[in-house]
Amino acid sequence: MNSTDAKTEVDAGRLSGMVTDWSADKQAFDMHWGKLMMWVFLLGDTFIFSLFLVGYMSVRMSAAEPWPPTSEIFAMELFGIHFPLLLIAIMTFILITSSGTMALAVNYGYRKDRKKTFLLILATALLGTSFVGLQAFEWTKLIVDEGIRPWGNPFGAEQFGAVFFMVTGFHGMHVTGGVIYLFIVANKVRRGGYDRDGYESVEIAGLYWHFVDLVWVFIFAFFYLW
Amino acid sequence: MILVIVLVLLVLGTLLFHFLSPWWFTPIASNWGSIDITIQITFWVTGFVFIAVNLFMAYAIYRHRFREGHKAHYEPENKKLEVWLTGLTALGVAAMLAPGLFVWADFVDTPEDASQVEIVGQQWHWTYRFPGEDGALGQTHPRFISEDNPFGIDPNDDAGQDDILIFNNELHLPEGKPVKALLRSKDVLHNFGVPQFRAKMDMLPGMVSYFWFEPTRQGRFDVVCMELCGMAHHAMRGQVVVETQEDFDQWLSSHPTFAATQSDSRADPERGASLYGVCASCHGQEGEGNRNMNAPKLSGLPPWYLERQLQFYKDGVRGSHEQDTYGQQMAGMMNTLSNRQAILDVSAYIAELPDSSAEATLEGDPQRGKRLFNNCSSCHGDNAEGNYATNAPPLAGQHDWYLKRQLENYKQGIRGSHKGDYYGTQMILMARTLHNEQAIDDVLTYINSL
Amino acid sequence: MNEATEQQHPIGIFLKVWLLLFVLSIFSYMVDYFQLQGYWRWSLILIFMVLKAALIMSVFMHFMWERFALQFILLTPLFAIAIFVVMMAWESDYIHWTRLAFLSFDSGG
Amino acid sequence: MKYTAIADQPVEMHEPSSFIGKYVWSQDHKVIAIQYSLTAVFVGLVALVLSGLMRLQLGFPDTFDFINPNSYLQFVTMHGMIMVVYLLTALLLGGFGNYLIPLMIGARDMAFPYLNMLSYWTYLLAVIVLLASFFVPGGPTGGGWTLYPPQTILRGTPGYDWGIIFMLVSLAIFIVAFTMGGLNYVTTILQARAPGMTLMRMPLTIWGIFIATIMGLLAFPALLVSAIMMLMDKIVGTSFFMPALVSLGETLDYSGGSPLLFQHLFWFFGHPEVYIVALPAFGMVSDVLATHARKNIFGYRMMVWAIVIIGALSFVVWAHHMYVSGMNPTFGFFFATTTLIIAVPTAIKVYNWVLTLWRGNIHLTVPMLFAIGFIFTFIHGGLSGLFLGNVVIDVPLSDTYFVVAHFHLVMGVSPIMVLFAAIYHWYPLITGRMFHNGLAKLHFWVTFLGTYSVFLPMHYLGFLGLPRRYFAMGETSFVPDSVASVNASITVAALIVALAQLVFLANLFWSLRHGPKAGHNPWGATSLEWQTPDVPPHHGNWGPEVPKVYRWAYSYSVPEVKADFIPQNLPPEEVIANEPADEQRERES
Ligand code: HEA
Ligand code: HEA
Ligand code: CUA
Ligand SMILES: [Cu+2]
């Protein structure tokens with residue numbers, strides 16, 4: 001009898017290099033459940049955004065009409081100087097900044113430094129808000145000034161508008177959701193809720209926020225710079 | 001115990017069914033015998049597996065059925081056996097895959113000497129285009145599509161001018177010559193399928209797909225649409241006629257080039273008017289139709305429809321069925337229209353007649369009629385105004401007694417069953433959805449109300 | 001990671017990475033500003049993108065400090081995406097070709 | 001362990017007392033499972049009725065007034081979509097996943113009970129939206145369950161405006177529901193196992209559900225993305241999937257989109273989806289076979305790896321559904337190869353099932369009957385899949401009834417067989433009573449023989465070249481008249497089978513009251529769900545102590561042990577002098 005016991009033990013051991021984790025009982029990862037769930041969720045979300053971008057790639061590569069000159073369309077006059085992609089650059093920087101503040105927030109969270117954590121999360125949320133604001137501005141600019149519509153535009157392939165509004169829109173929704181999420185977390189930090197049940201929740205919120213930033217990195221490269 | 005017997009019987013039954021059932025591939029009519037061979041190979045491999053595994057299972061169930069006090073054998077695994085089985089299976093797979101890939105390699109590259117034909121799909125018809133002398137097809141785009149240019153050929157593209165247009169669903173091909181079929185769709189997905197050819201492929205809007213084959217047997221084959229394309233998917237039929245090179249050349253030369261269709265000698269209503277005198281005796285001066293003469297209303301019918309029907313009467317496509325007594329009368333009259341030009345002229349004249357609306361003679365349930373008409377509206381239009389694109393004549397305003405007779409003729413195959421009636425065949429399938437006289441009356445009552 | 005290890009990440013590294021991200025973003029912006037084209041543009045954009053992504057993921061999201069088991073299970077599925085991307089690029093190229101070959105886009109109408 | 005699992009909490013979780021808290025807004029995985037199952041079976045029956053209507057038209061054309069070309073296509077579409085997504089996926093994962101995961105791995109509940117509850121109610125919303133599409137103007141969509149644009153959103157296809165919108169929205173909602181549930185299943189299986197329950201000691205059921213869930217989390221995004229894009233094409237007027245085209249004579253202002261893009265996205269979801277419904281069935285059937293053959297599942301590790309490999313491979317075979325779609329023909333080589341490779345791990349599973357029977361001590365109980373029926377139909381369906389997988393053979397057979405026959409045997413019958421096996425197998429645990437054996441046997445024979453006689457002939461109609469999704473064949477030169485009689489007999493068989501399902505449902509409800517008390521672990525199974533202190537298990541499942549696991553789930557007929565099974569949680573020292581287990585056995589048999 002015990003032979004089989006021993007057996008299955010060994011079997012588990014031979015599974016792979018990740019012996020200890022995969023062959024553990026109870027739980028595979030010594031980790032907060034919420035955090036693991038967030039990771040898995042982000043994996044799925046990665047698929048969503050990747051597939052959006054693949055769709056974008058396909059329509060763009062197979063389009064017979066020329067693709068609109070992105071950097072020109074998003075260019076801006078500032079004090080008479082002509083900046084391509086200025087707005088986008090600013091948005092990018094804002095998002096990165098917010099990512100930084102969030103990273104610090106998580107770190108201070110684990111140091112049980114309630115005040116700093118709260119303020120940093122708040123800063124992150126506010127930066128996020130401004131990002132959404134700028135995006136709204138960008139949309140209006142594109143729709144009103146440039147006359148770009150989801151179903152067409154003066155510059156060329158009509159998928160341009162479609163993809164732009166869909167991808168940035170979907171990302172924008174993620175940011176908005178994230179901002180709300182952050183405000184809730186921040187509030188709980190302020191009330192010291194996490195001193196009781198641990199600061200992992202802050203890290204989890206952080207994971208989500210960094211992911212939103214991560215996605216933007218790809219959108220920036222593929223949509224605006226390509 | 002019963003289970004064991006049943007399993008064995010099922011295996012045997014399946015085999016018997018396989019060998020005895022009359023339903024099997026249609027006799028092949030193309031060069032793709034290699035596909036059939038691949039299928040045979042697959043049959044032997046899978047057949048063996050099917051029999052072996054199932055009979056073994058049956059035997060196991062019999063041999064090791066529950067017996068009191070008896071205990072099962074404890075064997076967590078058996079490496080050797082599993083490796084063997086995996087290996088054998090891999091072999092079996094390879095045995096099926098390898099030949100398949102070779103045939104596919106053959107399938108994807110078209111021989112140099114293949115002649116081109118473009119097959120155009122639309123809801124729910126087929127049309128075809130052959131390259132002219134220059135051997136090249138002109139470029140196309142949906143934005144060019146119009147009544148005068150149904151193929152959407154680019155008028156500025158010289159290569160297109162001499163393209164030969166087949167504006168009906170019958171395609172002729174020479175025997176023993178490889179053809180590369182270029183597939184294009186005006187609207188949605190379709191699939192040009194001829195079971196006897198084995199090869200088939202979807203056609204999509206916005207791009208061009210292809211496949212090649214070589215007809216190896218003379219005859220007339222049915223084309224079925226093999227990709228869901230909406231309500232009348234099942235009624236999207238066509239014909240392929242494989243014949244000798246001579247017959248083919250002759251058939252091809254009887255069709256107009258694109259240039260010809262553009263510079264069509266326009267019809268002359270005046271001459272039409274004089275010709276119409278004869279028709280007026282039955283159809284009325286205004287073409288309003290006459291029930292006592294069983295003559296339908298002509299005014300309000302578009303020229304393209306009149307031209308087609310008159311041509312059908314002339315060619316005996318319509319009015320040749322012995323039960324179609326009234327049609328025969330009409331066919332008899334056709335000698336008064338000596339040639340194509342006459343047909344064009346008279347059609348042009350009729351098209352100018354003031355449209356009158358016929359009075360209703362039937363009454364049914366318009367609500368039910370409306371529901372039933374739902375199907376018809378896809379082709380004939382929501383207001384039964386007719387639609388050139390779907391080859392559907394206007395129905396509104398026509399005498400309901402006439403429509404009723406035609407529907408019944410369609411249902412019984414009196415009309416539309418002639419192989420030359422490219423569009424009627426579709427109507428047969430559709431008319432059958434009106435299961436009884438009541439249904440017909442209801443639809444017509446609704447049409448009257450339009 | 002549980003708290004004990006968590007606190008061992010010094011603030012410093014986050015600040016460094018943060019700075020690095022800014023620099024990289026500036027670079028990738030410059031690529032566009034100086035209107036680099038062709039392979040240069042492409043390779044640079046991608047390099048900067050990958051670097052930024054890697055930094056955010058590994059440091060900010062603590063990915064580099066996670067157990068290999070987790071890293072493994074989170075990264076392997078991306079192969080599916082990779083294959084899909086390749087196939088779709090190839091496919092789109094093919095579609096584009098048939099369009100140019102058979103459909104007419106230039107001349108008016 | 002720092003993050004204490006609910007599973008470790010020594011005290012029993014408080015049980016909600018109010019009816020509402022207990023049965024409606026319940027967070028108990030078992031109640032949620034029942035809710036999921038009942039809803040799924042309900043829509044499943046709707047789809048079953050639809051299949052009956054389709055068969056009526058095909059068997060006896062031009063006889064029924066309520067079926068016309070439009071409604072036929074609507075029936076086909078809704079039938080397919082409901083069966084695949086709203087019945088099978090929901091029942092296998094939402095239903096059995098929810099019920100069995102915590103019980104089989106020795107947890108007290110799902111990792112996130114609240115999320116779990118939300119998941120169900122979201123699913124219900126999806127179902128409601130779906131059924132609502134029957135009542136919108138124009139009726140539900142008739143574009144086929146594959147929803148290929150352009151036709152799905154163009155005039156000429158039934159339900160081209162409201163129907164399709166409702167369908168897409170419903171799917172989006174379903175995906176949200178599935179994600180909430182899926183995250184739960186994955187986290188629970190990874191983190192909330194009982195002490196001693198290593199991954200390689202989990203029953204194959206859990207493995208099947210586990211991998212299927214991961215696949216779902218990665219495959220559904222593709223459907224979501226394509227649904228969003230199509231909604232934009234339909235409502236906003238974008239052109240993702242819509243090239244310039246002339247629909248029924250009118251030129252629409254779309255341009256530049258690519259219908260093939262949708263097909264790729266759809267099948268990137270669609271193929272994994274078919275294995276999402278297959279893998280849990282594979283897992284459950286393995287456990288049923290082992291239990292009722294009183295024998296350990298043969299080659300457990302191979303079985304686990306087969307599941308994992310199948311799951312992985314199924315993400316790189318999607319375009320085998322598109323061999324004749326007009327895509328780049330060179331893809332054929334790649335996808336034919338990957339597709340046939342999948343046959344190997346699948347084959348291993350089939351062999352191991354059969355070898356599990358070999359030298360077993362087979363009790364032909366009802367669950368066992370269904371399990372064996374599954375093996376038979378799955379082999380047949382799988383083998384017919386190999387025809388289609390081999391790209392050249394697919395060319396003549398694609399979009400014919402051969403395909404219909406293939407996927408019905410392999411999906412419309414096999415997993416359904418497993419579902420029945422599973423329902424009968426776990427019925428005593430869920431309700432505490434035995435079902436009526438005679439009725440159950442009747443149900444099996446009719447369903448097994450009936451479905452086979454429905455779908456075997458369809459293969460041959462496919463060889464003839466009968467296209468699928470055809471309202472009527474009419475006179476066609478290559479179709480002999482005898483086909484009409486085949487179709488008629490298929491229809492009769494199908495209707496009989498459908499009626500047999502009423503026997504099944506009747507049995508379920510009758511036995512609730514009148515079935516003999518099942519007692520504790522009637523099948524003498526080793527896995528944890530049967531070892532709960534009380535049957536049916538209460539809220540929190542385990543009483544004061546969560547079980548401790550000492551061995552894998554297949555210690556049947558172990559040598560030198562008196563009883564022919566050793567529960568996973570039976571301490572080794574008790575095994576040799578295995579009185580308790582032994583008496584148990586006597587009592588049951
Ligand atoms: C549960 C669902 C399920 C499963 C498991 C499968 C399994 C398989 N399917 Fe199927 N399939 C569907 C559901 C499923 N399919 C559906 C729903 C469709 C239609 C969608 C639509 O268009 O509407 C479809 C359509 C479909 C097509 C597209 C046909 C077309 O539209 O033209 C193809 C083509 O490759 C295919 C192939 C396969 C293969 C190779 C397998 C393999 O995995 C089978 C493996 C199993 C075996 C091989 C049998 C057991 C093995 C042995 C007994 C060992 C011996 C074997 C050898 C020696 C080789 N399937
Ligand atoms: C799980 C999937 C599933 C199931 C179970 C079925 C069951 C049946 N289907 Fe199928 N069918 C599909 C999935 C399924 N189908 C799909 C995806 C399509 C393609 C749609 C499209 O082309 O777009 C299709 C299409 C399809 C067609 C082709 C229509 C056409 O192309 O024109 C036909 C024709 O006969 C048909 C018939 C049947 C019949 C007679 C049954 C059954 O009557 C056979 C017997 C079934 C059972 C015995 C199961 C009974 C019980 C339930 C299903 C519900 C209750 C469940 C529990 C209580 C657990 N179906
Ligand atoms: Cu055209 Cu189906
Ligand atoms: Cu598949």
Side-chain angles (χ1 to χ4, degrees), chain A residues 16-18 20-22 28-32 36 39-40 42-43 46-47 50-51 53-55 57-65 71 83-85 88-89 92-93 96-97 99-100 102-104 106-108 110-111 198-200 203 206-207 210-211 213-214 217-218 220-222 224-226, chain C residues 1-3 6-7 9-11 14-15 17-19 21-22 24-26 28-29 31-33 35 41-42 44-46 48-50 52-53 56-57 59-63 66-70 72-75 77-78 80-81 84-85 88-89 91-100 103 105:
Chain A
S16 79
M18 305 160 268
T20 40
D21 283 356
W22 288 127
F29 305 109
D30 181 9
M31 165 191 289
H32 190 279
L36 181 63
W39 269 116
V40 181
L42 292 182
L43 180 60
T46 312
F47 269 57
S50 314
L51 291 168
L53 290 173
V54 171
M57 176 190 75
S58 311
V59 285
R60 176 164 181 171
M61 284 182 69
S62 54
E65 295 85 359
S71 69
F83 290 103
L85 285 185
I88 316 307
T92 313
F93 287 119
I96 291 177
T97 321
S99 238
M102 192 65 222
L104 296 183
V106 174
N107 205 286
Y108 281 112
Y110 281 120
R111 293 160 199 266
Y199 274 83
E200 288 80 12
E203 185 187 357
L207 280 180
H210 295 308
F211 175 77
D213 185 14
L214 193 65
V217 169
F218 287 88
F220 183 63
F222 287 135
Y224 293 99
L225 292 182
W226 177 5
Chain C
M1 299 264 98
N2 55 31
E3 291 182 26
E6 205 56 63
Q7 288 160 346
H9 314 322
I11 302 283
F14 292 99
L15 296 174
V17 171
W18 201 358
L19 194 74
L21 285 172
F22 277 115
L24 285 169
S25 308
I26 294 171
S28 45
Y29 177 70
V31 171
D32 187 71
Y33 191 81
Q35 288 302 319
R41 185 184 187 86
W42 260 104
L44 285 178
I45 289 177
L46 290 183
F48 295 143
M49 178 189 79
V50 171
K52 277 161 73 179
I56 295 176
M57 178 118 168
V59 179
F60 280 6
M61 299 173 91
H62 301 161
F63 196 67
E66 297 293 355
R67 311 268 311 173
F68 178 64
L70 185 68
F72 178 81
I73 198 150
L74 288 179
L75 289 182
L78 299 181
I81 289 290
F84 193 65
V85 171
M88 288 316 289
E91 180 79 318
S92 320
D93 201 48
Y94 174 74
I95 296 175
H96 188 237
W97 173 78
T98 66
R99 285 178 173 178
L100 296 191
L103 307 179
F105 291 94

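Convention: sequence-line order gives letters A, B, ...; per-chain numbering from 1. Since this is a predicted model, take the numbers as computed values, not measurements.
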**OP:** Calculate, to the nearest 0.5 Å, the distance between atoms CD and CD belonging to A:E203 and A:E200 respectively.
**Re:** 7.5 Å
**OP:** Identify which of C:L46, C:T98, C:I11 forms the greatest number of heavy-atom pairs closer than 4.5 Å to chain A.
**Re:** C:I11
**OP:** Check whether A:I88 gets within reach of chain C through its side chain, its backbone, both or neither, counting any heavy atom under 4.5 Å.
**Re:** neither
Subject >> Between CE on residue A:M57 and CD on residue C:E91, distance to nearest 0.5 Å >> reply: 10.0 Å
**OP:** Evaluate the side-chain contact (heavy atoms from CB on, under 4.5 Å) criterion for residues A:V217 and C:M57: first the C-alpha distance (whole Å), next the side-chain angles of each, then the deciding distance (0.1 Å), finally the verdict.
**Re:** CA-CA 11 Å; A:V217 169; C:M57 178 118 168; over 6 Å; no
**OP:** Mind listing the closest non-hydrogen atom pair of A:G100 and C:W18 along with its distance?
**Re:** CA-CE2, 3.5 Å
**OP:** Under 4.5 Å heavy-atom distance to chain A, tell me which part of C:I26 shows up: side chain, backbone, both or neither.
**Re:** both
Subject >> Top contributor to chain C interface from A:A89, A:A64, A:G55, A:G206 [non-hydrogen pairs under 4.5 Å] >> reply: A:A64
**OP:** Sort out for me which of C:I95, C:V17, C:I56 touches chain A most, counting heavy-atom pairs under 4.5 Å.
**Re:** C:I56
Original post:
Can you name the residues that form a side chain to side chain contact (heavy atoms under 4.5 Å, CB included) with C:S92, not counting sequence neighbours?
Top reply: A:S58, A:M61, A:S62
Subject >> Under 4.5 Å from a heavy atom of chain C, the part of A:L42 involved >> reply: side chain
Original post:
For C:L21, is it the side chain, the backbone, both or neither that has a heavy atom under 4.5 Å from a heavy atom of chain A?
Top reply: both
Original post:
Tell me, side chain or backbone of C:V85 under 4.5 Å from chain A's heavy atoms, or both, or neither?
Top reply: both
Subject >> Distance-minimising heavy-atom pair for C:M49 and A:A221 >> reply: SD-CB, 3.5 Å
Original post:
So which of A:L53, A:L214, A:L36, A:V59 has the biggest tally of heavy-atom pairs under 4.5 Å with chain C?
Top reply: A:L214
**OP:** With a 4.5 angstrom heavy-atom cut-off, could you sort out which part of A:L104 is near chain C: side chain, backbone, both or neither?
**Re:** side chain
Original post:
Heavy-atom distance under 4.5 Å to chain A: side chain of C:L24, backbone, both or neither?
Top reply: neither
Original post:
Tell me, side chain or backbone of A:V54 under 4.5 Å from chain C's heavy atoms, or both, or neither?
Top reply: side chain
**OP:** Give, for atom NE2 of A:H210 and atom NE2 of C:H62, the distance between the pair rounded to the nearest 0.5 Å.
**Re:** 6.5 Å
Subject >> Nearest heavy atoms of A:M31 and C:L70, plus distance in Å >> reply: CE-CD2, 3.5 Å
Original post:
Can you tell me how far OG of C:S25 sits from NZ of C:K52, rounded to the nearest 0.5 angstrom?
Top reply: 3.5 Å
Original post:
What part of A:T46 lies closer than 4.5 angstrom to a heavy atom of chain C: side chain, backbone, both or neither?
Top reply: side chain
Original post:
So which of A:T92, A:I96, A:V40, A:L51 has the biggest tally of heavy-atom pairs under 4.5 Å with chain C?
Top reply: A:I96
Subject >> Contacting region of A:F211 [heavy-atom separation from chain C under 4.5 Å] >> reply: both
Original post:
By a 4.5 Å heavy-atom criterion (distance strictly below it), what part of A:L43 contacts chain C: side chain, backbone, both, or neither?
Top reply: side chain
**OP:** Using non-hydrogen atoms and a 4.5 Å limit, figure out which bit of C:W97 sits close to chain A: side chain, backbone, both or neither.
**Re:** neither
**OP:** For the pair C:F60 and A:L207, evaluate side-chain contact (heavy atoms from CB on, under 4.5 Å) and give the outcome as yes or no after the intermediate values.
**Re:** CA-CA 8 Å; C:F60 280 6; A:L207 280 180; over 6 Å; no
Original post:
With C:F63, which residues qualify under ring pair (Phe, Tyr, Trp, His ring centres under 6.0 Å), at least two apart?
Top reply: A:W39
